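Computed from a prediction, not measured in an experiment: that's the story for all the values here.
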Amino acid sequence: MSNQEPDDKVDLEELFNSSGGHEPTPLKERLKRTADLTLVAPARVALTDWRAVVGTVILFGFFIAGTVGVMLVDRPTSGDAPILAQPFENPNYILGTDTFGQPIGAQLIHATPDMFKMIFAGAVVSVGLAALVGLLSGFMRGTAVDTVLMSVTDVVITIPGLPLVIVLMAIFAPENPYIVGVLLGLDNWPGLARTVRSQVLSIREESYVEASRIMGLSTGTILRRDLLGQLMPYITINSALASRRIIFESVGLYFLGILPFTTFNWGVLMNLAYKGGALTRPEMLHWLVFPMVTIFLMSFGLVLFSQGMDSVFNVRLRARHASTTKNDGGAGDA
Amino acid sequence: MATHYLVKRFGQAVLTLVATVTLSFFLYHAMPGSPAESLKNVILSQAATGGTTVDIERLNQLVALYTNVQPDQPLYVQFYQYFSSIILEQDLGTSIYESKPVTTLIFERIPWSMFISVYAMVIGYSLSILIGAVMAFKEKSRFDSVSSSILIALNSIPYYIVGILLIYFLAIQNSWFPYGGRVSSSVTAGFNIPFMQSIVYHAALPVLSMSMLGLGGALTMRGNSVRILGEDYLRVAQLRGLRDSRIATQYVGRNAILPMYTQFMIGIAGIFSSAVIVEQIFSYPGVGLLMYSAIQTQDYPLLMGSLIMFTTVTVIAIFIADITYGFVDPRISAGGDNE
Amino acid sequence: MSTSDRIFEVRNLDVSFELNRGASRVVRDVDMDIYREETLGIVGESGSGKSMLASSLLNAVVEPGICSGEVTYYPRNGEPVSVLELSEAELKRFRWEQVAMVFQGAMSSFNPVMRVRTHFRETLQDHNRDIPAGMDRARSLLESVYLDPDRVLSAYPHELSGGMKQRALIALSLILEPEVLVMDEPTAALDLLMQRSIVSLLDELQAEHDLTIIFITHDLPLLTKIADRLTVMYAFGLIESGTVDEILYNSSHPYTRALLAATPDLDVPVDEMHAIEGSKPDPVDRISGCSYHPRCPMADMHCENNDPPMEQISSTHRAACFYHEEAAEAIPLRGDGNNPKQKGAVHE
């Protein structure tokens, strides 16, 4: 799928081979190799995958908007500008204004930091819970802990997420974006938890075989060494997907008016425009369209990023696989 | 089919229901203040419009009547009563706003939600299986790469934005479809053609926007099919000189769809979830819209009831899917009996 | 063995794949005859192209591989068939009715969601055979491979052990009464005992059904037990062929001799013939001259610049080496090929 340069692949293989050595190495050297393995090599591969590049650029753009952009653009207030100015007419409010005379572009930018806070809290909670439950359950396979955790996971998978979140939102009416993120994340972890668990189990199987073969390292050591490398792909990709879901759900809830309008949010903009009849009033259409475009862009960035990462990690896994099974399958016999 | 598997899945379904009911009970208690406190204002304002006054004892009675939670009892008694009235009496309490039993309100609406959800799911997944299979057969072709790009883009648009776009282009710019409601007011309800047509006509856009959720499955289907095209048993089937139609359906199709079954089951929960937002956008009067209005009126019994009902429907749907899974994949009952 | 009665005639066969870095020729200019009712063993390292050679006998090289050359099949009655020129529909009839193939993925050769019975039935159905009569035949075939027909037919693939699946697959391969059975590493995933029993099974089946068997493996000792003739492949081409005795005691190609020398005891199979020094040949960047010269102790300038043709040594024995007459002296085998124990093993 990805257009790999052949010499790049060879490099990667060497990297993985050298890090797979069993002789004790100094800490500094080990750290360097780990950095090479987990950061430098994937980054190099990522550069050759257009989806990873475009995704990263889009997300970085949003990051800039949420940090530098907020400082450069004034926080919009009512009456800043003429009411319902059309887009691309005045450079001061290039995306036009709403019925309160607030520039839409500035509102979109000032909604970004809260969006990031929500995504951050939600991704930390969902990925964190998933990793915790998956690891515990995987390590304690067959015990009561495993049974209980997996039952809870199945229960949470089954409960329809959005109605549950809506009930939670209705009862607690959270205003803090971090709390909104946490509540949204609560519904989001079970799938990844199952993946993590099965990864732990398969690594355990492999590690027992390997450990008994080389007779020097304890299973625990190998588990720790392999675990990070094997789980990183899932965690990265799922963080991106969880983020996309949190954007969808939080914007959706603001759009419906279920979350309190205490802050700028893309969904709030959509709600006001939609309620104001933007669909039937062409002069208001831009008020609805630009938030939608923004949501699309951000989730597009996240989806591209996750897909790019997927193929990056696949290349890594393939290289790894190739280096271990190079000699037992014939190229011509395939 | 292994009975052990079914027993386990049934236990799982029951556990989920119990967990949801328990959760909703504790949510009453997690409300700021006690359930009585938090409901007091709502009930008082109701009473004020009715021109009556309410003392504290009467208030507790009303809370118990509406919610099945009796605020003056010890916690475990409260829980027992709440639990038994839901499970044994199928009593989800009474709507504060509409003063009708929650179950009655929900049962009026649930066929409509089921209608659009089921069709959305069937259409979404059938399309994605079809597209994914064609993409796999034409792997690396123009069709494959174009469809992949479109699917990735669609994956980035929330279904409610798809809904808004559909309304704008198909209902407002071109009046091809109605932009809200579930049936035209000009037709008489009953078993007649215009009424049915009107129902289908009104459901088209909500179904279409919800079915976007299932389309992500096309990429999964593509991946599965590509994997199976490389399987040994496929090669042997070709070497055996089997008919192409048999290879496509019995070998590639069947084995590629199987892993999607689980995704499909999880998708059931997702589809019911999306009903809340989609029904609100299209003013489609199903359970989702009921839930939405319950939030607006702080009608907690109705809100909790909707949650429990959503979960129940999902649990039943998943259980049915579980039972049928054993028929399509014999491996699920490993070492099981033969016919 | 009647040497004049050919069933397959292969001429100038090439199989290639287009890769980014150039065409990969995984079978190169193969000429080969296969005789009716013989057992031909094809031996070579993994990656030497022997599986591709086998697949091309059914015109079943996996996409996007391209076959060129001639593969002619001579049916018992009727006109010769040019296999590589058959249409899709003709191929579907040719495969399994004339030539069946059991290949290395036997463990996963059955559709996991269908009972074994369905596999037999659909094969009969798609080849327009009488189903009740065919299913009776399936039962007797399963019995002849020592399986309980009722239990196996109603089982799902995952309910059978590896050896059972392998034997069921052999039964399935004979359901349409083919003339030729191509077996590509059929025993690779089985334990020794199962390998032995399958091999003795093949002998019985061959006699009973007048089969021609083409047996492909890297397991030379196994081949010497069942084959009538051996063909050795190296670097995507044939380098020597002859009767089992000719190859074992009078091999004339340095590679064959190295192979025999690397095989410690002909009664013990080796998994891989790694012991030969040097790296495997590359199917894209073909070296000039003899493909074996980088690893050959006898190679000289002549070998580096010229590709040796197949030379006739006896009426049944051919080898592609300029120095085939000196090879026996240059690369001695243990016991110099006159070990009576080995001889006994071959004829048992």
Side-chain angles (χ1 to χ4, degrees), chain A residues 1 51 55 58 150-152 154-173 187 190-191 194 241 244-245 247-249 251-253 255-258 267 270 273-274 278-280 285 288-289 291-293 295-304 306-307 334, chain B residues 11-13 15-20 23-24 27-28 30-32 38 140 148 152-153 155-161 164-165 167-168 171-172 179 219 265-266 268-277 280-281 287-288 291-292 294-296 298 300 303-304 306-307 309-311 313-315 318:
Chain A
M1 193 72 196
R51 290 169 301 185
I58 293 177
M150 280 302 106
S151 300
V152 172
D154 282 345
V155 167
V156 180
I157 285 185
T158 315
I159 298 178
L162 204 59
L164 175 66
V165 167
I166 287 176
V167 170
L168 292 175
M169 297 295 179
I171 289 176
F172 297 111
D187 161 51
R194 280 209 159 277
L241 293 178
R244 184 195 58 150
R245 189 164 160 179
I247 296 173
F248 278 21
E249 291 190 347
V251 171
L253 293 178
F255 172 54
L256 286 193
I258 290 170
M270 281 176 61
Y274 193 73
L279 280 186
T280 45
L285 208 53
L288 184 62
V289 167
M292 299 205 307
V293 171
I295 295 159
F296 169 74
L297 258 185
M298 181 131 179
S299 38
F300 191 56
L302 285 165
V303 169
L304 283 182
S306 74
Q307 296 227 335
Chain B
Q12 192 70 53
L15 185 67
T16 309
L17 273 185
V18 171
T20 313
L23 182 72
S24 74
L27 281 176
Y28 274 123
M31 288 179 192
S38 52
K140 290 180 181 145
S148 294
I152 292 175
N155 249 332
S156 315
I157 308 177
Y159 51 91
Y160 48 87
I161 290 190
I164 293 174
L165 293 176
I167 291 182
Y168 183 71
I172 292 177
Y179 52 84
L219 290 172
M265 287 194 253
I266 296 174
I268 296 174
I271 286 281
F272 283 116
S273 289
S274 61
V276 185
I277 295 182
Q280 148 69 6
I281 293 175
V287 189
M291 193 169 188
Y292 177 76
I295 298 167
Q296 304 298 309
Q298 291 183 291
Y300 292 113
L303 196 58
M304 300 294 192
S306 309
L307 175 64
M309 195 51 92
F310 267 123
T311 312
V313 173
T314 312
V315 163
I318 290 180

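Using a 4.5 Å cut-off between heavy atoms, A:Leu297 makes no contact with chain B at all. At a 4.5 Å heavy-atom cutoff, the contact between B:Ile172 and chain A is made by side-chain atoms alone. With a 4.5 Å cut-off on non-hydrogen atoms, A:Met298 does not touch chain B at all. With a threshold of 4.5 angstrom between heavy atoms, A:Leu302 does not approach chain B through any atom at all. At a 4.5 Å heavy-atom cutoff, the contact between B:Leu303 and chain A is made by backbone and side-chain atoms alike. Residue A:Val165 does not touch chain B at all, counting heavy-atom pairs closer than 4.5 Å.
Atom OG of residue A:Ser299 and atom CZ of residue A:Arg245 lie 14.0 Å apart, to the nearest 0.5 angstrom. Once rounded to the nearest 0.5 Å, the distance linking CD1 of A:Ile295 with CZ of A:Phe300 reads 15.5 Å. One distance of note links CD1 of B:Ile157 with CE of A:Met292; it measures 9.0 Å at 0.5 Å rounding.
Across B:Ala171, B:Ala294, B:Ala153, B:Ser306, the residue that shares the most heavy-atom pairs under 4.5 angstrom with chain A is B:Ala153. In terms of heavy-atom pairs under 4.5 Å with chain B, the best-connected choice from A:Val152, A:Val251, A:Leu168, A:Leu253 is A:Val251. For chain A, the option among B:Ile318, B:Asn155, B:Leu17, B:Thr20 with the highest count of heavy-atom pairs below 4.5 Å is B:Asn155. Contacts with chain A were tallied for B:Gln296, B:Met304, B:Met291; B:Met291 has the most, counting heavy-atom pairs under 4.5 Å. Listed options B:Ile161, B:Val276, B:Leu23 were ranked by heavy-atom pairs under 4.5 angstrom with chain A; first place goes to B:Ile161. Among the candidates B:Leu15, B:Leu219, B:Ile281, B:Val315, the residue making the largest number of heavy-atom pairs closer than 4.5 Å to chain A is B:Ile281. In terms of heavy-atom pairs under 4.5 angstrom with chain A, the leader among B:Ile164, B:Thr314, B:Ile167, B:Leu307 is B:Ile164.
With sequence neighbours excluded, no residue forms a side-chain hydrogen bond (donor to acceptor under 3.5 Å, both in side chains) with A:Tyr274.
Ring planes of B:Tyr160 and A:Phe255: parallel class, angle under 30° (limits at 30 and 60°).
Counting only heavy atoms from C-beta outward, the side chains of A:Ile166 and B:Tyr292 never approach each other to under 4.5 Å.
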Criterion side-chain contact (heavy atoms from CB on, under 4.5 Å) on B:Tyr159 and B:Ile277, from CA distance to verdict:
CA-CA 9 Å; B:Tyr159 51 91; B:Ile277 295 182; 3.7 Å; yes

I'd like to know whether B:Tyr168 forms a side-chain contact (heavy atoms from CB on, under 4.5 Å) with A:Leu288, so could you lay out the CA-CA distance, the side-chain angles of the two residues, the decisive distance to 0.1 Å, and finally the verdict.
CA-CA 11 Å; B:Tyr168 183 71; A:Leu288 184 62; over 6 Å; no

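Of all the heavy atoms in A:Pro190 and A:Val156, the pair that sits closest is CG-CG1, 3.6 Å.
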